Amino acid sequence: MILRALALLLSTFPAAAQDMPAMPLGEHADWQAVGRVNTGGYSSRATCTGTLIAPALVLTAAHCVAGKDGLPVNAARLHFVAGWLGGEYAGEAGVEAFEVHPAAYTTLSLDFTHDMALLTLDRPLSVPPLPLVTPGETSGGPFGIVGYQNTHPNRLRARFDCTGGPVQGMVRVNCPVRNGNSGSPLLVGTSGGWAVAGVVSASIAGGALAVPVDEWLRGHLD
């Protein structure tokens with residue numbers, strides 16, 4: 001109940017925070033696994049962010065593909081465009097099916113602590129996926145967020161200097177998010193580089209709340 005009182009779903013309300021800076025164009029090619037999840041077709045303005053974690057699997061937020069009551073959208077209306085940059089992109093595919101976290105809608109309203117979904121694309125993409133963080137590497141940061149904001153939908157925006165930590169089953173960081181950032185990867189710096197530690201779900205007090213990677217998600221990559 002505390003989370004529901006504090007958190008604002010990004011698909012409904014913008015975060016009361018400044019925009020993240022635009023990613024330098026020279027770095028954009030390094031993040032092509034992050035793309036737009038267009039919820040109304042190929043070029044729809046109704047978007048979330050998603051991350052390719054396997055050639056045909058995209059990680060995003062559950063509320064991007066199902067309403068507060070858990071009723072799903074039509075998968076045929078979903079489209080993933082990897083590395084979208086002003087009309088250019090690294091790969092694109094329709095969505096064959098999707099699965100929300102089994103604990104996301106155990107009641108008639110969304111449980112923010114499990115606001116996670118996996119999209120199965122109708123064909124694999126050749127874009128290199130981003131790795132999931134290994135267990136035990138999310139506690140200290142540093143954290144990063146990479147994604148699209150609906151105020152700037154044609155170019156990735158990013159921060160890699162976020163600080164934060166666990167709170168009530170989620171990860172809270174101090175980087176601002178807005179509409180469109182729903183489903184963005186929460187990244188953590190590891191000895192092997194940046195890895196996906198969670199999924200951005202909501203805005204709170206100038207920062208972001210993210211759902212941490214769990215065994216349900218890892219099980220789809222085994």
Side-chain angles (χ1 to χ4, degrees), residues 1-17 34-39 46-53 57-73 75 78 80 95 97-120 130 132-133 138 143-150 162 164-188 196-221:
M1 293 299 294
I2 295 175
L3 274 176
R4 290 174 183 166
L6 293 177
L8 299 176
L9 279 180
L10 298 182
S11 63
T12 305
F13 302 105
V34 181
R36 287 187 5 177
V37 177
N38 296 335
T39 58
T47 66
C48 283
T49 300
T51 306
L52 200 68
I53 60 170
L57 282 180
V58 172
L59 178 62
T60 190
H63 75 259
C64 292
V65 297
K68 293 181 180 181
D69 56 3
L71 294 176
V73 302
L78 301 173
F80 179 68
V95 174
F98 63 83
E99 181 182 356
V100 301
H101 194 289
Y105 291 99
T106 55
T107 65
L108 294 179
S109 58
L110 173 65
D111 180 348
F112 286 96
T113 62
H114 296 97
D115 186 11
M116 184 185 297
L118 271 176
L119 314 181
T120 300
L130 286 180
L132 298 184
V133 71
T138 61
F143 295 101
I145 295 176
V146 176
Y148 295 89
Q149 297 182 329
N150 286 350
C162 310
V167 56
Q168 298 183 33
M170 302 183 79
V171 181
R172 179 176 180 174
V173 295
N174 66 349
C175 284
V177 290
R178 290 190 182 273
N179 279 348
N181 277 130
S182 293
S184 294
L186 176 71
L187 302 161
V188 66
V196 179
V199 182
V200 171
S201 171
S203 164
I204 184 172
L209 285 171
V211 182
V213 167
D214 65 5
E215 292 310 307
W216 172 80
L217 178 59
R218 295 183 196 283
H220 286 77
L221 297 181

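Being a predicted model, the structure only gives us computed values, none of them experimental.
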L118/L217 under side-chain contact (heavy atoms from CB on, under 4.5 Å): CA gap, chis, key distance, verdict: CA-CA 8 Å; L118 271 176; L217 178 59; 3.8 Å; yes
Residues R218, V133; criterion side-chain contact (heavy atoms from CB on, under 4.5 Å); working and verdict: CA-CA 10 Å; R218 295 183 196 283; V133 71; 4.2 Å; yes
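With a 4.5 Å cut-off on side-chain heavy atoms, L130 and L187 count as touching. In this structure, R36 and F80 have side chains that are not in contact, with every pair of non-hydrogen atoms separated by 4.5 Å or more. Residues V173 and I145 form a side-chain contact, since some pair of their non-hydrogen atoms from C-beta on lies under 4.5 Å apart. You'll find the side chain of S182 stays beyond 4.5 Å of the side chain of V200, heavy atoms only. Between T47 and V37, every side-chain heavy-atom pair lies at or beyond the 4.5 Å cut-off. Side-chain contact between F112 and L209: absent, with no pair of heavy atoms (C-beta onward) separated by less than 4.5 Å.
The heavy-atom pair separating V65 from A117 by the smallest distance is CG2-CB, 3.9 Å. Taking all atoms of both residues into account, the shortest heavy-atom contact from F98 to L78 is CD2-CD1, 3.7 Å. Closest approach of T60 to G183, counting heavy atoms only: OG1-CA, 3.6 Å. For G180 against N150, the heavy-atom pair with the smallest separation is CA-OD1, 3.5 Å. Heavy atoms only, all atoms of each residue included: R172 and A205 are closest at NH2-CB, 3.3 Å. The nearest pair of heavy atoms linking L57 to H220 is CD1-O, 3.9 Å.
Results of the side-chain hydrogen bond (donor to acceptor under 3.5 Å, both in side chains) test with Q149 over N181, N179, T49 single out N181 as the only residue that passes.
Atom CG of D115 sits about 7.5 Å away from atom SG of C64, to the nearest 0.5 Å. Distance check: E99 CD to W216 CH2 gives 5.0 Å after rounding to the nearest 0.5 Å. Between atom OG of residue S201 and atom CG of residue D111 there is a gap of 9.5 Å, rounded to the nearest 0.5 Å.
Within the 3.5 Å criterion, the main-chain N or O of I53 finds no donor-acceptor partner in the side chain of T51. In this structure, the side chain of T113 does not engage the main chain of G169 through any donor-acceptor pair within 3.5 Å.
Considering only residues two or more places apart in sequence or on other chains, H114 meets the ring pair (Phe, Tyr, Trp, His ring centres under 6.0 Å) condition with H101. Listed by chain and number, the residues in a side-chain contact (heavy atoms from CB on, under 4.5 Å) with V199 are L59, A61, M116 (sequence neighbours excluded).
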